[in-house]
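Order of listing sets the numbers, starting from 1, for every ligand and every atom in it.
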Amino acid sequence: MNLQDKVALVTGGAHRVGKAIALALAREGMHLVIHYGSSEAAARETVAEVKSLGVRAISFQADLRDPVRIRSLFDATAAEFGRLDVLVNSAASFVRQPFDEIGLDDWKDVLQVNLRAPFLCTQHAARLMRRVARPADEAAAIINIADLSGIYPWRDYVQHGVSKAGLLHLTKVTAYELAPTIRVNAIVPGAVLPPPGVDPQGETWAAIGARTPLGRTGHPDYVAQAAVFLARNDYITGALIPVDGGEHLIGTLK
Ligand SMILES: NC(=O)c1ccc[n+]([C@@H]2O[C@H](COP(=O)([O-])OP(=O)(O)OC[C@H]3O[C@@H](n4cnc5c(N)ncnc54)[C@H](OP(=O)(O)O)[C@@H]3O)[C@@H](O)[C@H]2O)c1
């Protein structure tokens, strides 16, 4: 797909990996909807940075546990731009919790954000993406940001891993379901950005990188490059692309 003057929506796009993806798509000439949950100031800054690249952008707040707000996110996208060409489901809840302590609400919260929201966003996006006529060889694109925990079991990340495994399968079933007008692919990042509280210059993060085949941690821009590639390439659907320094070759590190 030629991305110039097309429209992308990135969930969790205010900062960190989602922001890197949003900026990379904006550099390709895409107009952006920056979804955020609680990071209002960061979303405002990201919108300003995106606009400075010469494209249009809005931000929109939605708690992804709330189906009504998810619908509003797509209504706002339709009202502002009248179309949607690329959806990136990047927002996620990353919760570490011992198995015995997982309560019903803990399970529900993570599954709602990491799996139900991407499903609902895909459903709303598909309706909006189909509103415009597209050349037969230029499908719209949905990109899900998954995690190696959806392939390999990590201790103390039960609900996170199960939700990401579901997201990987959602990618395949929707790729089949929505073809040929919409392509759906997933990126499976490895250690590209430490979670808040882990020092990016510290030993813990360096040690995680050292155990990967490429011997180092990554950067959100590697994920953003893969997102641009998947948005542009018109003949890839249902693919799960690791961007992980080869971590998937050796399995779980946790
Ligand atoms: N960082 C890594 O190295 C890494 C590795 C593997 C996979 N990934 C995947 O890559 C994606 C982005 O990673 P990241 O590290 O940038 O993620 P993150 O910082 O943990 O979370 C991304 C965003 O999700 C949003 N979010 C969480 N709960 C929400 C809710 N209930 N409603 C609305 N928004 C909510 C937050 O938005 P607000 O801040 O606005 O609330 C947050 O900015 C995630 O899917 C993650 O699983 C990342």
Side-chain angles (χ1 to χ4, degrees), residues 9-24 33-47 59-73 87-96 105-106 108-118 120-121 142-152 154 157 159-168 170-171 186-200 204-206 208-209 212 216-227 240-245 247-248 252-254:
L9 188 163
V10 181
T11 69
H15 58 160
R16 295 176 54 82
V17 176
K19 176 177 181 173
I21 295 170
L23 286 172
V33 179
I34 305 295
H35 157 268
Y36 68 96
S38 54
S39 301
E40 187 181 353
R44 220 178 300 120
E45 275 174 35
T46 301
V47 164
S59 61
F60 192 90
Q61 191 282 334
D63 185 335
L64 293 176
R65 293 169 299 183
D66 180 353
V68 176
R69 286 301 289 171
I70 292 175
R71 174 183 285 271
S72 302
L73 170 63
L87 165 68
V88 182
N89 284 310
S90 180
S93 172
F94 187 53
V95 175
R96 176 179 195 158
D105 284 342
D106 303 317
K108 201 173 67 182
D109 278 357
V110 173
L111 270 288
Q112 284 182 350
V113 176
N114 294 7
L115 184 55
R116 190 177 74 176
L120 291 172
C121 288
I142 296 175
I143 300 164
N144 295 321
I145 311 299
D147 195 336
L148 286 165
S149 69
I151 302 171
Y152 303 104
W154 294 355
Y157 289 93
Q159 62 272 53
H160 183 78
V162 169
S163 68
K164 292 293 191 178
L167 184 63
L168 289 169
L170 182 73
T171 301
I187 297 170
V188 191
V192 294
L193 188 64
V198 175
D199 179 3
T204 309
W205 189 242
I208 288 172
T212 68
R216 60 190 172 89
T217 55
H219 188 277
D221 286 345
Y222 291 127
V223 178
Q225 287 165 14
L240 317 177
I241 298 190
V243 178
D244 65 354
E247 189 177 335
H248 66 282
T252 183
L253 297 176
K254 290 201 166 57

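- The proximity of Ala14 to ligand 1, defined as any non-hydrogen pair under 4.0 Å, does not occur for either the backbone or the side chain.
- Contact between Gln61 and ligand 1 is absent, with no heavy atom of the residue lying under 4.0 Å from the ligand.
- In this structure the side chain of Leu168 never reaches within 4.5 angstrom of the side chain of Asn144, judged on heavy atoms.
- Not a single heavy atom of Ser149 sits closer than 4.0 Å to an atom of ligand 1.
- The backbone N or O of Val110 lies less than 3.5 Å from no partner atom in the side chain of Gln159, so there is not a single donor-acceptor pair.
- Using a 4.0 Å cut-off between heavy atoms, Val113 contacts ligand 1 through its side chain alone, with no backbone atom that close.
- With respect to atom 25 (C) of ligand 1, the closest heavy atom belonging to the protein is Ala91 CB, 3.7 Å.
- Summarising the geometry of Pro220 relative to Val17, their closest heavy-atom pair is CB-CA, 4.1 Å, with the distance given to 0.1 Å.
- Where the criterion is an N or O separation shorter than 3.5 Å, residue side chain and backbone included, Phe94 fails it with respect to ligand 1.
- Near His35, meaning under 4.0 Å from one of its heavy atoms, ligand 1 places the atoms 33 (C), 34 (N).
- The closest approach between any non-hydrogen atom of Ala43 and ligand 1 is not below 4.0 Å.
- Close approach to Ala146 involves these atoms of ligand 1, each under 4.0 Å from a residue heavy atom: 7 (C), 8 (N), 9 (C).
- Counting atoms of ligand 1 from 1 in the listed order, those under 4.0 Å from a heavy atom of Lys164 are 44 (C), 45 (O), 46 (C), 47 (O).
- In terms of heavy atoms, Pro189 sits closest to Ala146 at CD-O, 3.2 Å.
- Taking the ring centroids of Tyr157 and Phe94, they lie under the 6.0 Å cut-off.
- Looking only at heavy atoms of the protein, atom 17 (O) of ligand 1 is closest to Arg16 NE, 4.2 Å.
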